[in-house]
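What you are looking at is a predicted structure, and each value in this text was computed from that prediction instead of being measured.
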Amino acid sequence: MTTMTETSARFREFKMPDVGEGLTEAEILKWFVQPGDTVTDGQVVCEVETAKAAVELPIPFDGVVHELRFPEGTTVDVGQVIIAIDVAPGSGDASAPAAAAPAAAAPAQEPVEAPEAEAEPKGRTPVLVGYGVAESSTKRRPRKGAAAAPEAAAVAAAVQAELNGHGAPAPAPAAPAPAGAPAGGRPLAKPPVRKLAKDLGIDLATVVPTGKDGIITREDVHAAAAPAAAEAPAAVASPVAPEAPSAAVPAAVSDSARETRIAVKGVRKAIAQAMVGSAFTAPHVTEFVTVDVTRTMKLVAELKEDKDMAGVRVNPLLIIAKALLVAIKRNPEVNAAWDEANQEIVQKHYVNLGIAAATPRGLIVPNIKDAHDKTLPQLAEALGELVTTARDGKTSPATMAGGTVTITNVGVFGVDTGTPILNPGESAILAVGAIKLQPWVHKGKVKPRQVTTLALSFDHRLVDGELGSRVLADVAAILEQPKRLITWA
């Protein structure tokens, strides 16, 4: 689909593109430009969220921003014009063509420069149980962010005035900028953190940054939200129509003294739909095995000191991923998908290894393409890039598509095991429990050993008990004796 149109020799319009495999809509999360700003070809002008991921959109030409057609928080259909650019500023009539469906102007704010990196959170970043994503629903969600009708706005003003006149608390004045704020008064925060603050109704100018170079982190926003929630008065019923929510509380979040309601949309909505679809479509079977991984932990320690692994992150997940790939090579029938339309089992001769990860927008499962062809250093590098990209909220829809088998690490929470739900279109998912020092019979004596529990869920339509058991047993055997990575490869 063409994403830009020429409305005159001077003005060009940029349309919402289809950023991921047939999606029909996307929500504008953040504008990085405002009217009057100069833009260049390839410059990112906004961030949007689809049912699969958050994506930055670059503008395909040079010029000056003339108009933003939709404010932040608005869900826009693919093909609608979202921004108009003056490609020949100062050359005559400055009147741009009228928008087909103009929306309320976006609130004025300075363009945001995303910092290079957010301060690293303390401790380990968890990798969570993931349920994958599916094609976006054809049911359109209600539009948000559009301007309320004049009558609704008048009613809202009258109600607020009435409440303030009868003892209801008036809006508190904005808190002064914290000492750590930059000189220009513009708080430094990454787009996902800004989105979180917006959802929680937190003004970033009031948040004290603790990140490197004065960057506001997610923890800073949550810390600022905690006292605000404790001091918030009980909600007062109002006859104002739902299309005109209070400016203090975003449309996506509704708070009261006893509960918080958060609109389910974007990635989180797709996860919920995929989870239900998978659980009630594929007949799940889960098997468990507890295994001594002491030798694997020793191998991890040795690899960390190996010069050939310099510059990449080495952890138990790397060895587990390699063990699963070897087990799939030995039992290739497990790497398949069920074709309901044609009533066929489709065996895959490649492995796109999914890794369930936690992101600011929920649980996603990006995958490493052709993981079966990668050496151990290449696999380590790919895992590191995947986790970093997911943590920054920059995972692309293409990275989450086409997975064949998934690993989910619940052990980072101290959990021993679980029964993971298959990602749609995949045949198996391996859950890894916590690795703990436990008493274990080793060489005829009870000794303290590093032990974990593995759980493999598989689609019983195409993976029978024997095949699933062989795969799980192979993974366990490799983790118990890592030298099998060589002898079985």
**Prompt:** Any chance the side chains of T389 and D392 put a donor and an acceptor closer than 3.5 Å?
**Reply:** no
**Prompt:** Which atom pair, heavy atoms only, marks the closest approach of D370 to Y350?
**Reply:** OD1-CB, 3.7 Å
**Asked** Are the side chain of T388 and the backbone N or O of E385 linked by a donor-acceptor pair below 3.5 Å?
**Response** no
**Prompt:** Do any N or O atoms from the side chain of N367 and from the backbone of A401 form a donor-acceptor pair under 3.5 angstrom?
**Reply:** yes
**Message:** So which atom in G425 and which in A337 form the shortest heavy-atom distance, rounded to 0.1 Å?
**Reply:** O-CB, 3.4 Å
**Request:** Could you tell me whether a side-chain N or O of T399 sits under 3.5 Å from a main-chain N or O of T395, the two making a donor and an acceptor?
**Result:** no
**Item:** Residue pair D474 / R484, side-chain heavy-atom distance below 4.5 Å
**Value:** no
**Prompt:** Does the side chain of E333 come within less than 4.5 Å of Q347's, by heavy atoms?
**Reply:** yes
**Message:** Restricting to side chain to side chain donor-acceptor pair (under 3.5 Å), what partner residues turn up for Q343, sequence neighbours left out?
**Reply:** E340
**Request:** Taking D220 for its side chain and T217 for its backbone only, find out whether a donor-acceptor pair lies under 3.5 Å.
**Result:** yes
**Item:** Sub-4.5 Å side-chain heavy-atom contact between F288 and L454
**Value:** no
**Prompt:** Any salt bridge between E302 and K298, counting N to O under 4.0 Å?
**Reply:** no
**Message:** Looking at H284 and F458, would you say the former's side chain and the latter's main chain have a donor-acceptor pair under 3.5 Å?
**Reply:** no
**Prompt:** Within the distance-only criterion (no hydrogens, no angle test), does the side chain of S427 pair as donor or acceptor with the backbone N or O of V334 below 3.5 angstrom?
**Reply:** yes
**Asked** Can you find a side-chain donor-acceptor pair between T74 and E27 that sits under 3.5 Å?
**Response** no
**Asked** Given the rule in the side-chain contact (heavy atoms from CB on, under 4.5 Å) test, do L437 and R449 qualify, once you have shown the distances and angles that lead to the verdict?
**Response** CA-CA 5 Å; L437 195 65; R449 304 287 287 180; 5.7 Å; no
**Asked** Taking all non-hydrogen atoms of both residues, which atom of L303 and which atom of M309 are closest, and how far apart?
**Response** O-CB, 3.5 Å
**Item:** Exercise: do T453 and T417 side chains pair donor with acceptor under 3.5 Å
**Value:** no
**Item:** Main-chain N/O of V451 paired with D292 side-chain donor or acceptor, under 3.5 Å
**Value:** no
**Message:** Is the shortest side-chain heavy-atom distance between L299 and K483 below 4.5 Å?
**Reply:** no
**Asked** With distance as the sole test, does N342 use its side chain to make a donor-acceptor pair with the main-chain N or O of E344 at under 3.5 Å?
**Response** no
**Contacts of type side chain to side chain donor-acceptor pair (under 3.5 Å), residue K436, not counting sequence neighbours** = D416
**Message:** One pair to check against salt bridge (charged side-chain N to carboxylate O under 4.0 Å, His left out): E72 and K30. What are the steps and the verdict?
**Reply:** CA-CA 6 Å; E72 295 173 0; K30 182 69 180 178; 3.8 Å; yes
**Prompt:** What are the two closest heavy atoms between L485 and A489, and how far apart are they?
**Reply:** O-CB, 2.9 Å
**Message:** So which atom in A455 and which in G418 form the shortest heavy-atom distance, rounded to 0.1 Å?
**Reply:** CB-O, 3.2 Å
**Message:** Could you report the tightest heavy-atom contact between T452 and G433, atom names first, then the distance?
**Reply:** OG1-O, 2.9 Å
**Message:** Are T296 and I320 packed together at the side-chain level, in the sense that at least one heavy-atom pair is separated by less than 4.5 angstrom?
**Reply:** no
**Request:** Please answer whether the main-chain N or O of V351 pairs with a side-chain N or O of H372 as donor and acceptor at a distance below 3.5 Å.
**Result:** yes
**Message:** Distance alone, cut at 3.5 Å: any donor-acceptor contact between the side chains of N423 and T406?
**Reply:** yes
**Prompt:** side chain to side chain donor-acceptor pair (under 3.5 Å) with T375: which residues, sequence neighbours excluded?
**Reply:** Q378
**Request:** Verify, without hydrogens or angle tests, whether N315 (side chain) and L318 (backbone) share a donor-acceptor contact under 3.5 angstrom.
**Result:** yes
**Complete:** Only one of V207, L188, I202 passes side-chain contact (heavy atoms from CB on, under 4.5 Å) with I216, and that residue is V207
**Message:** So if I apply the side-chain contact (heavy atoms from CB on, under 4.5 Å) rule between I328 and each of V405, T404, L353, which one comes out positive?
**Reply:** V405
